[in-house]
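The block underneath contains the structure these notes are about, expressed in structure tokens.
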Amino acid sequence: MTTVISSEEVVIMAQNPILTELHLLREQVTGVMETAVATVDGLLVVADTDGARPEVVSALAAATLGLGKRTGAEVGMGDLREVVIRCRGGYIVVYAVGRMGLLAVLADEGLDVPRLHVESRPTVERLDILLTKGSLN
């Protein structure tokens, strides 16, 4: 799949490295449709969405992340890496980004889940650095 990026999008991406990371993840992993970065409190930082309401996705992803963290701690499984939700129409994957951020990924049924996990690890690390620079963490 080849994505055509307009000159306006190039300017926006150059000004926002977090958005650039979201675009790269969408390009690297088959099935990724929409992404958002938010605080663990559910406040939207930036989104690459077409149809979903990013503020709502951020709030629900924060609740999902919190529940996943609490469940992992309760059963002694260690720090949460991600929560994967599979629905009839696709997937919602929420990654912890440092201590104070999250990455929400919305994907269709064709999502290459193993590839998403491989590609998301360095993306999450870079997002953590970017968010830390922005004083989020």
Side-chain angles (χ1 to χ4, degrees):
M1 177 173 94
T2 303
T3 304
V4 177
I5 299 174
S6 71
S7 58
E8 182 178 300
E9 288 175 308
V10 170
V11 171
I12 291 168
M13 287 170 42
Q15 294 172 346
N16 191 332
I18 295 174
L19 188 58
T20 299
E21 289 293 337
L22 299 182
H23 280 256
L24 288 173
L25 188 62
R26 187 189 282 212
E27 291 174 10
Q28 292 171 333
V29 182
T30 300
V32 172
M33 300 181 329
E34 305 185 57
T35 53
V37 173
T39 67
V40 294
D41 297 333
L43 300 175
L44 178 65
V45 174
V46 67
D48 176 24
T49 60
D50 295 326
R53 295 179 297 168
E55 293 84 5
V56 174
V57 170
S58 296
L60 293 173
T64 301
L65 184 71
L67 183 59
K69 282 183 177 181
R70 181 69 185 113
T71 302
E74 182 64 32
V75 298
M77 293 270 188
D79 291 338
L80 178 77
R81 289 178 23 187
E82 71 264 342
V83 176
V84 179
I85 302 169
R86 186 170 182 199
C87 303
R88 182 174 294 164
Y91 296 84
I92 302 127
V93 185
V94 181
Y95 292 94
V97 177
R99 292 184 38 224
M100 298 302 294
L102 66 86
L103 167 64
V105 177
L106 307 179
D108 63 25
E109 271 292 316
L111 177 66
D112 185 344
V113 176
R115 181 156 176 88
L116 175 63
H117 291 324
V118 168
E119 295 296 339
S120 67
R121 286 185 183 98
T123 299
V124 165
E125 289 174 13
R126 290 189 299 270
L127 288 171
D128 189 25
I129 291 166
L130 292 168
L131 293 174
T132 300
K133 285 181 182 178
S135 301
L136 179 62
N137 282 330

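Every value quoted in this text rests on a predicted model; they were computed, and no experiment measured them.
- Taken from CG in Asn16 to OG1 in Thr20, the straight-line distance is 6.5 Å, to the nearest 0.5 Å.
- Using a 4.5 Å cut-off on side-chain heavy atoms (C-beta onward), Val57 and Leu106 make contact.
- Here CG of Asp128 is found 11.5 Å from CG of Leu103. Values are rounded to the nearest 0.5 Å.
- Leu80 places a side-chain heavy atom less than 4.5 Å from the side chain of Leu65.
- In this structure, Ser58 and Leu44 approach most closely via the heavy-atom pair OG-CD1, 3.3 Å.
- Taking each heavy atom of Ala47 and Pro54 in turn, the nearest pair found is CB-CB, 3.5 Å.
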Please list every donor-acceptor pair under 3.5 Å in which a side-chain atom of residues 30-37 meets a protein atom from a residue at least two apart or in another chain.
| unit_1 | atom_1 | unit_2 | atom_2 | d |
| --- | --- | --- | --- | --- |
| Glu34 | OE1 | Asp50 | N | 2.9 |
| Glu34 | OE1 | Gly51 | N | 3.2 |
| Glu34 | OE1 | Ala52 | N | 3.1 |

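- Counting only heavy atoms from C-beta outward, the side chains of Val94 and Ile85 never approach each other to under 4.5 Å.
- Contacts of Ser120 classified as side chain to side chain donor-acceptor pair (under 3.5 Å), with partners at least two apart in sequence or in another chain: Tyr95.
- Between Val40 and Met100 there is a side-chain heavy-atom pair separated by less than 4.5 Å.
- Leu19 and Leu131 fall within the same hydrophobic cluster, where Ile, Leu, Val, Met, Phe, Trp and Tyr residues are linked whenever their side-chain heavy atoms come under 4.5 Å apart, directly or through other members.
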Which pairs of donor and acceptor atoms, one on a side chain in residues 71-79, lie under 3.5 Å apart (sequence neighbours left out)?
| unit_1 | atom_1 | unit_2 | atom_2 | d |
| --- | --- | --- | --- | --- |
| Thr71 | OG1 | Leu67 | O | 2.8 |
| Glu74 | OE1 | Arg70 | NH2 | 3.2 |

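- Each salt bridge (Lys or Arg N to Asp or Glu O under 4.0 Å) pair with one or both residues in residues 35-48, not counting sequence neighbours, appears once here: Arg26-Asp48.
- Put simply, the residue from Val124, Leu25, Leu24 that forms a side chain to side chain contact (heavy atoms under 4.5 Å, CB included) with Glu119 is Leu25.
- Scored by the side-chain contact (heavy atoms from CB on, under 4.5 Å) test, Val84 finds Glu82, Tyr91, Val93, His117 as partners (sequence neighbours excluded).
- Legend: salt bridge (Lys or Arg N to Asp or Glu O under 4.0 Å) pairs involving residues 84-95, not counting sequence neighbours, sorted by first then second residue: Arg86-Glu109.
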